[in-house]
2 protein chains.
Amino acid sequence: MSKQKDGIKASKTESKRPLRADAVRNEDALLQAAKEVFLTSGVNAPVRDIAAKAGVGIGTLYRRFPQRSDLVASVFCREVDACVAEAATLAAENDPLQALTLWLKRYVSFLAAKKGLAAALHSGDPAFETLPAYFRANFQPALATLMASAKESGEIQTDIDPYDLLRAIANLSVTNNEDDIQHTYRILDLLIKGLLFGGSVSTAEV
Amino acid sequence: MSKQKDGIKASKTESKRPLRADAVRNEDALLQAAKEVFLTSGVNAPVRDIAAKAGVGIGTLYRRFPQRSDLVASVFCREVDACVAEAATLAAENDPLQALTLWLKRYVSFLAAKKGLAAALHSGDPAFETLPAYFRANFQPALATLMASAKESGEIQTDIDPYDLLRAIANLSVTNNEDDIQHTYRILDLLIKGLLFGGSVSTAEV
DNA sequence: TAGCATATGGAGCGTTGTTCCGTTTGTCAA
DNA sequence: TTGACAAACGGAACAACGCTCCATATGCTA
């Protein structure tokens with residue numbers, strides 16, 4: 001019940017000393033291992049499993065991530081970053097509408113991999129409180145850019161808020177069945193066709 | 001990783017022998033204690049705390065609720081029942097529109113008390129899988145009855161599905177701030193006014 | 001009242017998140 | 001290259017958890 005940790009996440013301006021080489025290597029290995037373990041065993045997988053898979057001791061894990069939830073949050077942010085980064089890649093290699101379409105599917109698969117995590121997000125753990133903001137702050141501009149390009153090139157015509165679209169798709173993706181991702185893809189196609197002519201999207205969920 | 005339990009929940013037709021008096025007393029004490037502990041310490045409170053508050057041993061708790069989640073599920077169902085039962089009470093003591101209004105507020109306060117539980121519901125634990133169905137099966141008829149009465153008496157005029165209304169209000173209630181229940185009440189008033197003239201409700205959530 | 005199935009309670013087991021500290025290792029000045 | 005020290009490591013150990021087990025106690029029926 002004692003929780004007076006600083007929690008400051010090393011802002012970029014801060015620079016006491018550079019991390020040692022083995023430290024960055026291990027941090028990377030931990031994040032990679034955690035991502036895989038979470039995927040196979042769920043977010044509640046024991047930290048020991050993650051440390052073992054990363055080939056480091058538990059002490060090392062806790063040095064970098066003082067609490068279990070910090071590790072979960074870091075993995076989440078990392079995957080958000082990866083998904084967002086792909087928007088630029090896709091935009092560079094495809095025409096606007098195709099880039100938008102491909103990225104939305106990428107976004108759906110991102111959501112699909114976050115099944116167990118969604119429950120943890122609402123668990124009240126303070127380590128997760130900033131994640132929704134991080135989610136929005138990164139995804140909204142990414143989608144906004146893709147949509148703007150497609151609109152400029154005249155391929156789509158809509159005034160829908162990118163964030164509304166992100167939320168709508170997120171709601172679509174909360175299907176209990178695991179392989180219903182194909183169903184989500186089909187609905188997504190409908191949404192994209194909808195974008196071609198403008199309009200709005202409304203959703204409901206319990 | 002071993003989970004081959006029967007899980008059959010003693011259907012009403014089954015009647016080997018009546019429970020012993022102390023058994024029913026303890027079961028009731030456990031459910032009451034669990035409800036209170038969950039409210040103050042969250043759904044993740046240790047079972048030992050609950051057993052202590054109920055004044056029984058842990059063995060007794062586990063005899064009635066073989067798994068922690070069974071206790072959580074039972075508390076949930078019990079509170080659903082209580083809320084549903086109140087619909088009939090309110091209908092008997094008030095005119096239809098007032099009964100409907102009062103019950104919807106009661107429903108909001110029910111939702112407000114389920115904050116931590118919402119996260120557990122999506123945790124994938126099989127003990128929780130039947131709860132959404134239980135939720136709907138009990139709440140929908142209750143609200144449908146109240147709405148039908150108010151419609152017959154000409155006080156409201158709408159063709160909205162009771163379940164849609166339940167879901168919409170549930171979405172409204174997922175506010176992070178704890179005392180935002182007043183805000184929810186205000187929106188609820190709007191919804192009720194909306195019922196007076198018919199229409200539909202659409203919601204969105206991340 | 002006797003007898004027995006039913007119910008009880010809590011020590012104890014295995015697993016978890018987390019701490020602690022003796023040991024190892026990367027880095028940098030000399 | 002080497003010495004020295006802060007940084008990083010690893011894992012035994014601790015506390016708290018969910019859950020099991022069984023000797024004991026107790027409510028019911030005959």
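We name chains A, B, ... by the order of the sequence lines, and we start the count at 1 in each one.
- Here the rule is side chain to side chain contact (heavy atoms under 4.5 Å, CB included) with B:Gln98, and of B:Thr101, B:Leu100, B:Leu102 only B:Leu102 fits it.
- Distance A:Arg68 CZ to C:dT19 P: 14 Å, rounded to the nearest Å.
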Could you run down nucleotides 25-30 of chain C 5' to 3' and tag each one B, S or - for protein heavy-atom contact under 4.0 Å?
BSS---
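- In this structure, A:Lys105 forms no cation-pi arrangement with A:Tyr107, as its terminal cationic atom is not both closer than 6.0 Å to the ring centre and no more than 45° off the ring axis.
- Within the 4.5 Å cutoff, no side-chain heavy atoms of B:Leu146 are placed close to those of B:Leu90.
- OP1 or OP2 of D:dG18 has not a single side-chain nitrogen or oxygen of B:Gln67 nearer than 4.0 Å.
- When the P atom of D:dC17 is taken as reference, atom OH of B:Tyr62 falls 11 Å away, rounded to whole Å.
- Between A:Glu27 atom CD and D:dA7 atom P there is a gap of 16 Å when expressed in whole angstrom units.
- Neither OP1 nor OP2 of C:dA7 sits under 4.0 Å from any side-chain N or O of B:Asn26.
- Under a cutoff of 6.0 Å and an axis angle of 45°, B:Lys35 and B:Phe38 do not form a cation-pi pair.
- Here the side chain of B:Trp103 pairs no donor or acceptor atom with the backbone of B:Ala91 at under 3.5 angstrom.
- OP1 or OP2 of D:dG10 sits under 4.0 Å from a side-chain N or O of A:Thr60.
- Using a 4.0 Å cut-off on heavy atoms, the residues of residues 42-59 of chain A that approach DNA chain C are A:Ala45, A:Pro46, A:Val47, A:Arg48, A:Ile58, listed by number.
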Full working for side-chain contact (heavy atoms from CB on, under 4.5 Å) between A:Leu195 and A:Leu165:
CA-CA 10 Å; A:Leu195 291 179; A:Leu165 186 54; 4.2 Å; yes
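- Residue A:Arg64 places at least one side-chain N or O closer than 4.0 Å to OP1 or OP2 of D:dC9.
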Chi angles and distances behind the ring-ring contact (aromatic ring centres under 6.0 Å, His included) call for B:Phe139, B:Tyr134
CA-CA 8 Å; B:Phe139 274 132; B:Tyr134 190 85; 8.9 Å; no
Quick one, B:Gln67 with B:Tyr62, criterion side-chain contact (heavy atoms from CB on, under 4.5 Å). Give me CA distance, side-chain angles, the key distance, then yes/no.
CA-CA 7 Å; B:Gln67 304 206 108; B:Tyr62 274 93; 5.7 Å; no
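- B:Arg63 places its CZ atom 10 Å from the C1' atom of C:dA5, with the value rounded to the nearest Å.
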B:Gln32 and B:Glu27: side-chain contact (heavy atoms from CB on, under 4.5 Å), yes or no, with the steps?
CA-CA 9 Å; B:Gln32 181 64 28; B:Glu27 175 166 345; over 6 Å; no
